[in-house]
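The structure appears below as structure tokens.
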Amino acid sequence: MVLGKSLERWRREFPLLEELIATEEVFWLNPLYRRFNDAITEIPLSLKDVEDAEERLDKFAPYIAKVFPETKESKGIIESPIVSVSNLKKQMEDMLNQPLICKDLLLKCDSHLPISGSIKARGGIYEVLKHAEDLALKAGLLAGDEDYSIFAEDNFRDFFSGYSIAVGSTGNLGLSIGIMSAKLGFKVTVHMSADAKTWKKDLLRSKGVRVIEYPSDYSKAVEEGRKQAAKDPKGYFVDDENSVNLFLGYAVAALRLKDQLKDLNISVDENHPLFVYLPCGVGGGPGGVAFGLKLIFKDHVHCFFAEPTHSPCMLLGCMTGEHDQVCVQDFGIDNITEADGLAVGRASGFVGKMMANLLSGIYTVQDKTLFKMLKAMADTEGIFIEPSALAGVPGVYNLLSSKVGEQYLMAQGLRDQIQNSSHIIWATGGNMVPESEMKSYYQKAEYYQ
Ligand SMILES: *Cc1c(COP(=O)(O)O)cnc(C)c1O
């Protein structure tokens, strides 16, 4: 029984559950997808909130440039390149033995974001900066109109050392929160799930971060972290499952992407649809980015999430409409995957509800496919990213060469425009993976060929 209903009844109500439970690759179209102007009326956040987050990041840029020299060139703006991956496209066409008809295939390299090498360098760092600003304003240490490089001064570090920050993570969020909090001077604790890689824990410890390990999955690490942080009156818990600030930090990506596409002369309009494929764990990263993109490109952008076949928590939550009231384990799915950034059994209810009418669909990917794509990306483009970060790749052929994809294009009236379409694979992490680790990923990929 799940939520008072037998498995039999769940399966009857949602026939796709059969394949989900069998951990087969599926492609689900969201029946609640609506026109942007209708959907947005029910959402409490707006473009103004995202612009406010962008302004705050701009204010902090002089500080970031000062304390993270790798961001000097970008003047303290934490942003990633977007590149064409036409060789990968060719390789996919060879694998499928059929053409993928579209105008551009692009890779958004959040895998190469400075400071923490993953998409978490957006939301995670933003949330810590926002919290630091709030504390400093409240204490009268800051008026708000200064050059924020003063955050690097000793009196700020001394002040923050009286406060603590905690987070639960499968790895990458811990890296972002840990590195940023430690740099500001906070006492910081990262609660890591069993999936978290040893090198991530070691790296954090080397920066003075307290790392607590749990033998169980992400949800448990978050729960424990939340419990312990609640006991500390000067403690702040970064709540990956419910945080609006985290979400807004991610959403800023869309404002920046708009300019990047303009620079590439890529239009997004009625005749030039944009498709974006985002790897999804708890949902904050892909949700925030997709939300920002919908605010900007409205009905001309189509966002799809990607999840491991063994961790389809967002699909389960959105399809049943039960969001965080169900988890994959309820349906006998084990949440065991090599895609550690996506190893989440219960999705964020906040994100699921925000995206309920804005998300076009969700598909699942086997670990084997992730490794195949890891090798294809490395061989054709020379880009090495972590397994989680490749979940976006199959979205392209799911949309352009499957029956379900065809069904989506027909329903949206996009058949004639597809030749003018652009597709963005969102690469979410990998730049900080040690070389030996990356080598073993690549070897695993060869084994799967
Ligand atoms: C965290 C993460 C994601 C997904 O982000 P969520 O906010 O958990 O949905 C995707 N890829 C990588 C590499 C990540 O670390």
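Atoms considered below: every heavy atom in the structure, side chains included; atoms not considered: hydrogens, waters and symmetry mates. Just so we're clear, the structure is a prediction, and the values are computed from it rather than from any experiment. Start at 1 and go down the list; that is how both ligands and their atoms are numbered.
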Using atom types as modelled and distance alone, determine if a side-chain donor or acceptor of Y363 lies under 3.5 Å from a backbone N or O of G395.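 Such a contact is found between Y363 side chain and G395 backbone.
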
Would K234 and Y163 count as a cation-pi pair here, with the cationic atom under 6.0 angstrom from the ring centre and within 45° of the axis?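 Because its charged atom sits under 6.0 Å from the ring centre and within 45° of the axis, K234 does stack over Y163.
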
Quick one: does NZ or CZ of K183 land under 6.0 Å from the six-membered ring centre of F68, within 45 degrees of the ring axis?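 Ring-cation test returns yes.
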
Please collect all ring-ring contact (aromatic ring centres under 6.0 Å, His included) contacts where either partner lies in residues 338-358, sequence neighbours excluded, each pair once.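 Non-adjacent pairs meeting ring-ring contact (aromatic ring centres under 6.0 Å, His included): F247-F350.
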
Aromatic ring centroids of W10 and F331 under 6.0 Å?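 Aromatic pair counts; centres sit under 6.0 Å.
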
Check this for me: does any side-chain nitrogen of one of R34 and D38 sit under 4.0 Å from a carboxylate oxygen of the other?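 Between D38 and R34 there is no salt bridge, as every charged N stays at least 4.0 Å from the carboxylate O atoms.
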
Close residues, ligand 1: non-hydrogen atom nearer than 4.0 Å: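 Within 4.0 Å of ligand 1, the protein residues are K120, N172, P279, C280, G281, V282, G283, G284, G285, P286, G341, L342, E386, S388, T428, G429.
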
